[in-house]
Participant: 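This is the structure I want to talk about, given as structure tokens.
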Amino acid sequence: MALLTMEGVTQRFGGLTAVDALDFTIEAGSIVAMIGPNGAGKSTAFNLITGIYTPSAGRIAFAGTDITGWATSRIAALGIARTFQNIRLFGFMSAIDNVLTGEHARLHANLVDSLLHTPRQRAEEGAARERALAMLAFVGLEDAVESYARNLAYGVQRRLEIGRALASEPKLLLLDEPAAGMNPSEKRDLVALIRKIRDRGITVFLIEHDMALVMEISERITVLDHGEKIAEGDPAQVRSDPKVIEAYLGSPA
Amino acid sequence: MDVFFQQLINGLSLGGIYALIALGYTMVYGIIELINFAHGDVYTLGTFFSLAILTLLGVDSVVHGPALIGVLAVTILGAMILCGLTGVIIERLAYRRLRNAPKLAPLITAIGMSFILENLMLYWRGPSPVPFPQVIPNPQFALGAVTIQAKQIIVVLLAVVLMVVLQTFVYNTRLGKAMRATAQDKDAAQLMGIDINTTIALTFLIGSALAGAAGFVSGMYYGSTWFFNGFGAGLKAFTAAVLGGIGNLAGAMLGGFLIGLIEAMTTQFISDQWSNVVVFSVLVLVLIFRPSGLLGESLPNKV
């Protein structure tokens, strides 16, 4: 079943077409990747899916609902979470508060509950804290619960950001260059973590420059160049596609 | 020495009012980096709203017993709600559309909102000071030569209680976390499913409600107000917020009490006319040595 469908999605910035008539489908329960040279439009595609940009043309559907033009917070509440290429944690909040913020859309305490500390609010907050602790353990941060996000090591921040995204219990998780800046051992942990996430029934869609990692983990790969899809398929197909080789290495003179 | 302790009490009560107003400045600055110049006028509106509620209740003299608690609760909550809504309307009308505009634009509309509110109040209650009825019995307690009035205790108590509620709200609740997240990174907050428009409106609601509480307290404490009252008090409270470290809740509280104390002491030991000079000299000195204010470095408290 298709979880996410993009049909003819186009994004123009002035005269520049960053994404051009992109048709793209993600099957539920899969791990898929989008690759392409710098400036190919990968991050723009993420920003379109999460509603940061509204497409100039085309439509985007998620779990059977047309989300084209929806507000970012509504899309997030519907079940799409993401991480950022340049980590965007709430640096001046503790690790657990970052995760709790990720749960925001799933909790219900309103202003009156929150000001008066009603039993309902306390019960909810307590349960949320339990779940947040479990999430921190899942991403391997059980020893850094109360540390400020900004004080954590880089690779740890990446995992915390994934934990924060998962806290919203998304159906689809978007990872924007999750391995950037990681050393080989951190990358191995990341691969294991991504598989664990998929085993929880969450579909994973990643943008990544590390080809070894992409080829190892992805079931399907889509290749973008200059905003257009130039290839699609499983790792073996994409690896041997002449158009992909040309996009990465340049055409023979 | 008695005089010193007497002024300590006076300064703390005065500071409690500044602190309540300063919280609103600091919360709004924390979340959208705007100096809400209309905030001092929301505080004056709080006094006028309280007055209107008391008039509606038909209360114009001292009330005793359980009736007093009822009158106080209705008046304070009423003033807080009305001021809170005023703050939300101001944000909607004058600031929201300018959120991504250059910083100077909302600053100017803030000054404009301040003039509009002042003139609405001038139209509503005229240019002269308006008396505020004495509704609270005001027994005085003597500690040696120092006199403490019941209303001074109420001011400080109310300020501290509201501060504790606010602190708990911001740090331990879902909506408080949404406010801190929005203050730190609006895009990332939205991706967590946080509606930042609602969150910013909520910040104005709470900050302005605190100004409403301060407005009631000020009417009770001084026994009168006038339409232009918020200009001076707002400036002092803003100074308090900067002194404590703008964006920082505890800092606003600390700054408010400090400025109240400095003002009271200067009035006693130097001269009434020098109080502003001393207050602002202290501000200049603090900012030279600690540009981010007294508690400003611990940015984690930013709302």
Side-chain angles (χ1 to χ4, degrees), chain A residues 46-47 50-52 71-84 86-94 96-118 121-122 124-126 128-129 148-151 161 164-165 167-170 174, chain B residues 30-31 77 80-81 84-85 88 161-207 209-210 213 245 247-249 296-303:
Chain A
F46 263 28
N47 288 335
T50 48
I52 292 174
T72 301
S73 56
R74 252 183 103 194
I75 294 175
L78 193 68
I80 300 182
R82 72 169 289 179
T83 65
F84 295 87
N86 47 340
I87 302 173
R88 300 263 300 258
L89 287 163
F90 304 115
F92 289 102
M93 282 166 59
S94 62
I96 189 162
D97 276 0
N98 269 281
V99 174
L100 283 167
T101 305
E103 287 195 35
H104 178 88
R106 295 169 50 211
L107 306 179
H108 306 286
N110 59 27
L111 181 59
V112 177
D113 291 328
S114 301
L115 285 175
L116 299 183
H117 276 277
T118 56
Q121 189 269 341
R122 269 177 301 179
E124 184 182 81
E125 203 70 34
R129 209 185 142 78
Y148 275 134
R150 64 199 291 260
N151 296 336
E161 208 186 18
R164 181 181 69 174
S168 65
E169 295 209 331
L174 308 183
Chain B
I31 203 154
L77 281 179
M80 288 179 79
I81 292 169
L85 293 178
V88 171
V161 166
L162 288 176
M163 174 74 193
V164 170
V165 171
L166 180 68
Q167 193 83 12
T168 325
F169 172 78
V170 168
Y171 286 96
N172 296 336
T173 72
R174 158 183 186 261
L175 295 175
K177 283 185 197 79
M179 278 168 70
R180 286 192 291 149
T182 305
Q184 289 181 33
D185 187 336
K186 289 184 184 50
D187 295 335
Q190 280 180 297
L191 287 157
M192 301 299 117
I194 294 168
D195 182 335
I196 61 166
N197 282 334
T198 311
T199 307
I200 291 170
L202 181 69
T203 309
F204 273 85
L205 181 82
I206 295 174
L210 293 172
N248 181 303
L249 293 181
E297 258 172 7
S298 46
L299 254 167
N301 293 334
K302 181 174 146 169
V303 165

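Each chain gets a letter, A, B and so on, in the order its sequence line appears, and its residues count up from 1.
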Participant: Hey, which of B/Leu205, B/Asp187, B/Val165 has the most heavy atom pairs under 4.5 Å with chain A?
Facilitator: B/Asp187
Participant: Find the distance between CZ (A/Arg150) and CD (B/Gln184) and round it off to the nearest 0.5 Å.
Facilitator: 9.5 Å
Participant: If we only count heavy atoms from C-beta on, is the A/Phe90 to B/Met192 side-chain gap below 4.5 Å?
Facilitator: yes
Participant: Using 0.5 Å steps for rounding, measure from the CD1 atom of B/Ile194 to the NE2 atom of A/His104.
Facilitator: 5.0 Å
Participant: List the residues meeting side chain to side chain donor-acceptor pair (under 3.5 Å) with A/Arg74, not counting sequence neighbours, and say none if there are none.
Facilitator: none
Participant: Nearest 0.5 angstrom please: B/Gln190 CD to A/Ile52 CD1, how far?
Facilitator: 7.5 Å
Participant: A/Asn110 and B/Leu175: which non-hydrogen atoms are nearest, and at how many Å?
Facilitator: C-CD1, 3.6 Å
Participant: In terms of heavy-atom pairs under 4.5 Å, which option from B/Gly176, B/Ala178, B/Ala188 contacts chain A the most?
Facilitator: B/Ala188
Participant: Does this structure show an ion pair linking A/Glu125 with B/Lys177, if we count only N-O contacts that are shorter than 4.0 Å?
Facilitator: yes
Participant: Tell me, for B/Leu166 versus chain A, whether the close heavy atoms (under 4.5 Å) come from the side chain, the backbone, both or neither.
Facilitator: neither
Participant: Determine, stepwise, if the pair A/Asp97 / B/Arg180 fulfils salt bridge (Lys or Arg N to Asp or Glu O under 4.0 Å).
Facilitator: CA-CA 10 Å; A/Asp97 276 0; B/Arg180 286 192 291 149; 2.8 Å; yes
Participant: State, to 0.1 Å, how close B/Asp185 and A/Arg88 come at their nearest heavy-atom pair, and which atoms those are.
Facilitator: OD2-NE, 2.6 Å
Participant: Is there a donor-acceptor pair closer than 3.5 Å between any side-chain N or O of A/Gln121 and the backbone N or O of B/Thr173?
Facilitator: no
Participant: What part of B/Ile206 gets closer than 4.5 Å to chain A, counting heavy atoms only: side chain, backbone, both or neither?
Facilitator: side chain
Participant: Among the options A/His108, A/Arg122, A/Arg129, pick out the one with the most heavy-atom pairs lying under 4.5 Å from chain B.
Facilitator: A/His108
Participant: Is A/Ile75 in contact with chain B via its backbone, its side chain, both, or neither, using a 4.5 Å heavy-atom distance?
Facilitator: neither
Participant: Under 4.5 Å heavy-atom distance to chain B, tell me which part of A/Thr101 shows up: side chain, backbone, both or neither.
Facilitator: both
Participant: Please give me the minimum heavy-atom distance between A/Ala76 and B/Gly193, naming the atom from each residue.
Facilitator: CB-N, 3.5 Å
Participant: Please list, chain by chain and in numerical order, all residues satisfying side chain to side chain donor-acceptor pair (under 3.5 Å) with B/Thr168, sequence neighbours excluded.
Facilitator: none
